[in-house]
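FYI, side chains are in, hydrogens and waters are out, and symmetry mates aren't considered; it's all heavy atoms of this structure. Note that the coordinates shown come from a computational prediction; the quantities given were computed from them, not determined experimentally.
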Amino acid sequence: MNRYYPIFIFLAILIFGGCDPKNTTKTQDSVAVDSIQVVSDNFLLFRNLGVYSDSLIFVDTIPNAFSQKGIYLDSLQIQQLLADKIPNMACLSYSSIRLFSVKELSDSLYLGVYVYEYSDIEDIYMAIYKDTVITDVLKLPIQEHSDIKDVIDDIEYIDYFESSVIFTDNIHFTITELSATKGWNDDEECVFDTSLKKETFYSISANGQIHKEDVVKTQSCSS
C-alpha cells in the first residue's frame, strides 16, 4: 500500500466534510440542545410535561419577572408542577401561571420560579422540588412598585419599593427589600428621602424545606 494513502484520506475528510463550517455549527447546536434535555434527572419532570426551553435555566439570581419571559403553563402542567401549593389561585380562565426559570440545587433538589398573573396583580413564587415532588413554596416580594403618597406644600411625596433575590450558593439566598419615600419639589429636586433596607437570609435544607435564618434592617433619612 502507498505509504501516503492515509494522508490522502485525511485530507479528503477535511476538504469534503470535516471543514464545512455549516456542518460544524449544526453539530454544535445539536449537542447543545441535547445536553440541556439530559443535563440532569432533576429536569425530567419539566421535559416530560413538554417544557424544553434552555432560557429557563439560570444560575445566581432571579431576573425581573415583569419582563414577560418564560413559558405559560396549561392546566395539566400546573396540576403536575404546583398542585394546590399556590394559595387563593383563581379560576384559570381569569388568570395565568408562567414558569419563569429553573435552577438545579443538588443531585436531588431544584427550584422553579413562577409568575402568577391575575387581574392587574402579579405574584412571584419560588417552588422547591425534591426528586420531582414539590416540598416547599415561598412567595417572593413584588420587585418594583411606586405610588404617589401625598402632596404637601408643593412637595410631591412618592413611595418606592424594590426587591431582589440573590443566591450566594446553591442552598443559601438573600431577599433584599428596599422601601423609600422621596419628596420632589416643582423643580424636580429631591428634597426629602427616607429609606428602609431589609435583608432576609434563607437556607434550603436537604429535605427541600426553606428556612429563614436572619433579618437585617438598615434605615436612613435625609432632608
Side-chain angles (χ1 to χ4, degrees), residues 36 39-40 42-43 45-46 51 53-73 77-78 81-89 95-118 120-130 132-147 159-181 195-220:
I36 290 164
V39 64
S40 170
N42 281 341
F43 300 121
L45 175 61
F46 295 101
V51 179
S53 177
D54 60 318
S55 64
L56 295 177
I57 299 175
F58 70 97
V59 181
D60 295 319
T61 63
I62 293 179
N64 192 325
F66 302 111
S67 64
Q68 298 302 311
K69 293 182 179 179
I71 296 177
Y72 285 94
L73 304 178
Q77 291 169 332
I78 293 171
L81 291 172
L82 289 171
D84 57 353
K85 297 297 184 179
I86 290 183
N88 303 320
M89 191 163 61
S95 63
S96 298
I97 294 182
R98 175 161 39 100
L99 173 60
F100 188 79
S101 54
V102 295
K103 176 178 173 65
E104 186 172 25
L105 305 176
S106 69
D107 291 339
S108 60
L109 289 178
Y110 57 104
L111 67 83
V113 177
Y114 298 87
V115 179
Y116 173 39
E117 303 172 355
Y118 60 98
D120 294 327
I121 303 172
E122 293 187 346
D123 289 338
I124 308 170
Y125 291 87
M126 174 190 294
I128 305 296
Y129 296 85
K130 180 177 174 61
T132 73
V133 177
I134 191 168
T135 55
D136 206 354
V137 173
L138 177 66
K139 183 178 179 181
L140 303 180
I142 297 174
Q143 292 179 325
E144 295 180 7
H145 182 70
S146 62
D147 276 322
D159 287 336
Y160 298 87
F161 182 82
E162 298 177 4
S163 70
S164 63
V165 180
I166 297 178
F167 276 81
T168 54
D169 56 39
N170 280 349
I171 62 171
H172 296 92
F173 64 94
T174 304
I175 296 179
T176 301
E177 301 170 73
L178 180 62
S179 55
T181 299
S195 63
L196 175 64
K197 180 181 179 181
K198 177 183 175 183
E199 294 177 294
T200 308
F201 300 88
Y202 292 89
S203 65
I204 303 172
S205 61
N207 62 356
Q209 297 296 310
I210 300 172
H211 303 278
K212 182 186 293 186
E213 301 290 341
D214 195 11
V215 178
V216 176
K217 296 181 180 181
T218 306
Q219 191 165 10
S220 63

Run the numbers on D123 and L140 for side-chain contact (heavy atoms from CB on, under 4.5 Å), then give the verdict. CA-CA 7 Å; D123 289 338; L140 303 180; over 6 Å; no
Stepwise, does the ring-ring contact (aromatic ring centres under 6.0 Å, His included) test hold for Y202 with F173? CA-CA 5 Å; Y202 292 89; F173 64 94; 5.0 Å; yes
With side chains defined as the heavy atoms from C-beta onward, is the minimum distance between D159 and S179 less than 4.5 Å? no
Which heavy atom of K130 sits nearest a heavy atom of T135, and at what distance? CB-CG2, 3.8 Å
Show, in sequence, the C-alpha distance, side-chain angles and deciding distance for Q77 and Y72, and conclude whether the side chain to side chain donor-acceptor pair (under 3.5 Å) test is met. CA-CA 9 Å; Q77 291 169 332; Y72 285 94; over 6 Å; no
Are side-chain heavy atoms of F46 and L99 found at a separation under 4.5 Å? yes
Could you pull out all residues at least two apart from Y129 that satisfy ring pair (Phe, Tyr, Trp, His ring centres under 6.0 Å)? Y110
Using side chain to side chain donor-acceptor pair (under 3.5 Å), reason through S203 and E213 one step at a time and then give a plain yes or no. CA-CA 7 Å; S203 65; E213 301 290 341; 2.4 Å; yes
Can you find a heavy atom in the side chain of I175 that is under 4.5 Å from one in the side chain of F201? no
Separation between CZ of F161 and CG of L196, rounded to the nearest 0.5 Å: 10.0 Å
First locate atom CD1 of I78, then atom CZ of R98, and finally report the distance between them rounded to the nearest 0.5 Å. 12.5 Å
Shortest non-hydrogen pair, H211 vs S205, comes out as NE2-OG, 3.3 Å
Please lay out, stage by stage, how L111 and E104 fare under the test side-chain contact (heavy atoms from CB on, under 4.5 Å). CA-CA 7 Å; L111 67 83; E104 186 172 25; over 6 Å; no
Are any non-hydrogen side-chain atoms of L81 and L73 less than 4.5 angstrom apart? yes
Start with the C-alpha gap between L105 and I128, add the side-chain angles, then the distance that decides, and say whether side-chain contact (heavy atoms from CB on, under 4.5 Å) holds. CA-CA 9 Å; L105 305 176; I128 305 296; 4.3 Å; yes
Kindly determine whether I142 and I124 satisfy side-chain contact (heavy atoms from CB on, under 4.5 Å), including the steps that lead there. CA-CA 7 Å; I142 297 174; I124 308 170; over 6 Å; no
With a 4.5 Å heavy-atom cut-off, do Y114 and F100 have their side chains touching? no
To the nearest 0.5 Å, atom CG of L138 lies from atom CD of Q209 at 11.5 Å
Can you check whether S195 reaches L178 side chain to side chain, under 4.5 Å on heavy atoms? yes
Does D136 reach the main-chain N or O of I210 with its side chain, forming a donor-acceptor pair under 3.5 Å? yes
Specify the closest pair of heavy atoms between A127 and L82, including all atoms of both residues, with the distance to one decimal. CB-CD2, 4.4 Å
Set of side-chain contact (heavy atoms from CB on, under 4.5 Å) partners for K198, sequence neighbours left out: E177, T200, V215, K217
Only one of T174, D169, N170 passes side-chain contact (heavy atoms from CB on, under 4.5 Å) with H172; say which it is. D169
